[in-house]
2 protein chains.
Amino acid sequence: MSVTIKDIAKHAGVSYSTVSKALRDSPLVKKPTKTKILKIAEELGYQPNVAARSLVQKKSFTIGVAWPSVERVAPSILITKINDLLEEHSYTTLLSINKLESAIATFNRFQVDAILVFGETEEEINNLKIQSTVPILYYGIEQHSSFPTIDVNRRLAIKIAVDYLQTICHQHIAFIGDLSSTDPMQKDKLLGFLEAMGIERPSDSPEFIVPTNGLEVHDGYLAAKSLLSSNKQVTAIVSGSYDLTRGILRAASEIGLTIPTDLSIISYDNIPQAENLDVRLTTVGVPITRIAQHISQTLLTIIEGETAENSIILEPELSIVDSCAPLP
Amino acid sequence: MSVTIKDIAKHAGVSYSTVSKALRDSPLVKKPTKTKILKIAEELGYQPNVAARSLVQKKSFTIGVAWPSVERVAPSILITKINDLLEEHSYTTLLSINKLESAIATFNRFQVDAILVFGETEEEINNLKIQSTVPILYYGIEQHSSFPTIDVNRRLAIKIAVDYLQTICHQHIAFIGDLSSTDPMQKDKLLGFLEAMGIERPSDSPEFIVPTNGLEVHDGYLAAKSLLSSNKQVTAIVSGSYDLTRGILRAASEIGLTIPTDLSIISYDNIPQAENLDVRLTTVGVPITRIAQHISQTLLTIIEGETAENSIILEPELSIVDSCAPLP
DNA sequence: TTGTATGCGTTATCAT
DNA sequence: ATGATAACGCATACAA
């Protein structure tokens, strides 16, 4: 049986409403009584009952995150960041790994203050039978006007990378990316490459588009190995993800290519580079901290009831460092 | 504003206590009224308020999962399975990625019925300041008597693998595993290898212990490449994880070794092998479905208030298939 | 400054 | 078979 404010009241010899005020640090209660009550609460290991509180306040200070694909690594870093930011505003995040439909139902029953949905396709969202009382924010689907959405412009990111390579005189530029799944995020990157290179269909220029079988380091390694061992005169590679890039670097070093002298690389990326690589990577993308800030800010806004702007698209930045050099 | 049983009552022209009974499918209410009420509830998109319910029932039918390290892939498959099993008993799981201390606090405030803690070290657990009203089950720490624990005998698993290889005449057996972190689970596997081989310290026989820099496919690939290119006469490899094994297979095939003719491999593993590899792997470990069943069963038991057996250790199985053959 | 009373949405008990 | 009412833990408007 857990301890309630009434227990504290009994110990302190005051009424339980005084305890309630003291715990909420109300100015309506004298310093001495307040400290005394706080001390007793501490000793008794009091934890406020969210159920009771959210019943009366109609607010739980909790944000539900629907996350059907726990297996994916990239979003998990983002979630951690968002969680930290929301914590600063005294909100807690709770994740559900159920199917989207039942995750939303659960969060509604729990009366969370807002729901964040991660990387579902637009079709899944439109097929939802459920109507949610709680406001929902979607991340990682294509822009759409009928519900609030926040996303990253991946197409433009890759385009920026290619454009930059071209301005520093590269012509034989290859794209290594994962096209094995139906993941729209990965497809978007290819589209950016095609657009920047002025290619209509991938089949028009298959020699410079190297599809991988996944997003792991080894997938990048295999793709780069096959590309670089062939005798195509590639001078630059645009990589679809940080992990793929790590594999590419490994392949290049095995073949004896120096970065950026023999080969330039720009990596799509929005995660901080913890790992110490041989080269500091030139990257393009939206920094993950910026994404996290936007998402948590938007969540707080829609909780306030102010209808936030629908369809926010974050624009990528090119961060030029060492893995990329102009052609003579 | 969300719809309550009172709203339904108004629409149906009955008292709200009747609605409550109807929704809970009580036999105390007539068929016609029941169906009518259910229909209205459906139309109005009614979702029961967990706060109110758990306040009076002192039960939320929810299990909190403390999961501070979202980034790791292996446990996520396990969580998904546990979630499915609990769902069959009409329990919902909610994950928290906060630090253990605040995750437990949150779950206590939410009055979840039980908490499952994933892969913390014993030290962290002993340092917890917080006292939890809610029963806690720990997974993936060393056995300990003072709180309920469930874990897998990894040491024995690797030992079984080595023993088996020795009975089929292998002598030059190598171990490839991740020793880069302080993860006790990985250390345990090494201990099993040392024990089975009769080695005191790793430094006594460094040529057959190949540490990797992580648990990814590529880490296994690199380790195997260096091991197999050297001229040590290794006839069998015991691998610390499924991903490492994938890398090892890749390296072997590049070098031109046929499995199991030229090289036997036993992989530690407790995940189902979705991927189609060239060889069906001989594995050792506790099947993940069995782990999930034990965990969810134990959770339900401790919720009932029956003090479950402390420190359950699941014993591994050897599953002999194709990647392993006797030496002539 | 402190105490009393009311209501949040639901279940459960009791009366009709 | 249905309705009225108390109780769960808490916040808050109001009374003292």
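Within every chain, numbering begins at 1; the chains are lettered A, B, ... in the order of the sequence lines, protein sequences first and strands thereafter.
The closest side-chain heavy-atom distance from A/Leu137 to A/Ile302 is below 4.5 Å. B/Ile150 places none of its side-chain heavy atoms less than 4.5 Å from the side chain of B/Tyr138. Residues B/Val134 and B/Ile104 are not in side-chain contact: their nearest non-hydrogen atoms beyond the backbone lie 4.5 Å or more apart. B/Glu87 is not listed as a side-chain neighbour of B/Thr92, based on a closest heavy-atom distance of 4.5 Å or more. B/Arg154 places a side-chain heavy atom less than 4.5 Å from the side chain of B/Asp151. Annotation: side chain of A/Trp67 is not in contact with side chain of B/Leu95 (no heavy-atom distance under 4.5 Å). Counting heavy atoms from C-beta on, the side chains of B/Ile115 and B/Ser132 come closer than 4.5 Å.
When rounded to the nearest whole Å, the span between CG of A/Leu23 and C1' of D/dT12 equals 15 Å. Rounded to an integer number of Å, the gap from CD1 of B/Ile8 to C1' of C/dT10 is 12 Å. If you take CZ of A/Arg24 and C1' of D/dA11, they are 7 Å apart, rounded to a whole angstrom. Spacing between atom NZ of B/Lys59 and atom P of C/dT10 amounts to 19 Å, rounded to whole angstrom units. Between the CD atom of A/Gln111 and the C1' atom of C/dC8 there is a distance of 10 Å, rounded to whole Å. With rounding to whole Å, B/Ile5 atom CD1 is found 13 Å from D/dA4 atom P. Rounded to whole Å, atom P of C/dC8 lies 19 Å from atom CZ of A/Arg53. Summarising the geometry, the separation between CG on A/Leu55 and C1' on C/dG7 is reported as 10 Å, rounded to the nearest angstrom.
A search for salt bridge (Lys or Arg N to Asp or Glu O under 4.0 Å) contacts involving B/Lys187 returns nothing, not counting sequence neighbours.
Each end of the helix from C/dT1-D/dA16 to C/dT16-D/dA1 yields a helix axis from five base pairs, and these two axes differ in direction by 50° (to the nearest 10 degrees).
For residues 32-45 of chain A, proximity to DNA chain C is found at A/Thr33, defined as any non-hydrogen atom under 4.0 angstrom from a strand atom. Contact check of residues 10-22 of chain B against DNA chain D (heavy atom, cut-off under 4.0 Å) returns B/Val14, B/Ser15, B/Tyr16, B/Ser17, B/Thr18, B/Lys21.
The listed nucleotides are C/dG9, D/dC8, D/dT2; the one nearest the side chain of B/Thr4 is C/dG9.
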Criterion side-chain hydrogen bond (donor to acceptor under 3.5 Å, both in side chains) on A/Ser17 and A/Ser20, from CA distance to verdict: CA-CA 5 Å; A/Ser17 77; A/Ser20 174; over 6 Å; no

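Within the structure, every side-chain polar atom (N or O) of A/Tyr46 is placed at least 4.0 Å from both OP1 and OP2 of D/dG9.
Across the interface with DNA chain D, nearest-nucleotide mapping of B/Lys31 and A/Gln47 shows B/Lys31 to be the residue nearer the 5′ end. Nearer the 5' end of DNA chain D, as judged by each residue's closest nucleotide, is the contact made by B/Leu28, out of B/Gln57 and B/Leu28.
Screening residues 16-64 of chain A for ring pair (Phe, Tyr, Trp, His ring centres under 6.0 Å) gives A/Phe61-A/Tyr91 as the qualifying pairs, with residues at least two apart or on separate chains.
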Please table the atom pairs, donor to acceptor, closer than 3.5 Å between any side-chain atom in residues 21-34 of chain A and protein atoms at least two apart or in another chain.
from, atom 1, to, atom 2, distance (Å)
A/Asp25, OD1, A/Lys34, NZ, 3.1
A/Ser26, OG, A/Leu28, N, 3.0
A/Thr33, OG1, A/Lys30, O, 2.8
A/Lys34, NZ, A/Ser26, O, 3.1

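For the pair B/Ala66 and B/Ala103, the tightest heavy-atom approach, listed with the atom from each and the gap, is CB-CB, 4.1 Å.
The residue A/Val56 sits close to a base: some heavy atom pair falls under 4.0 Å.
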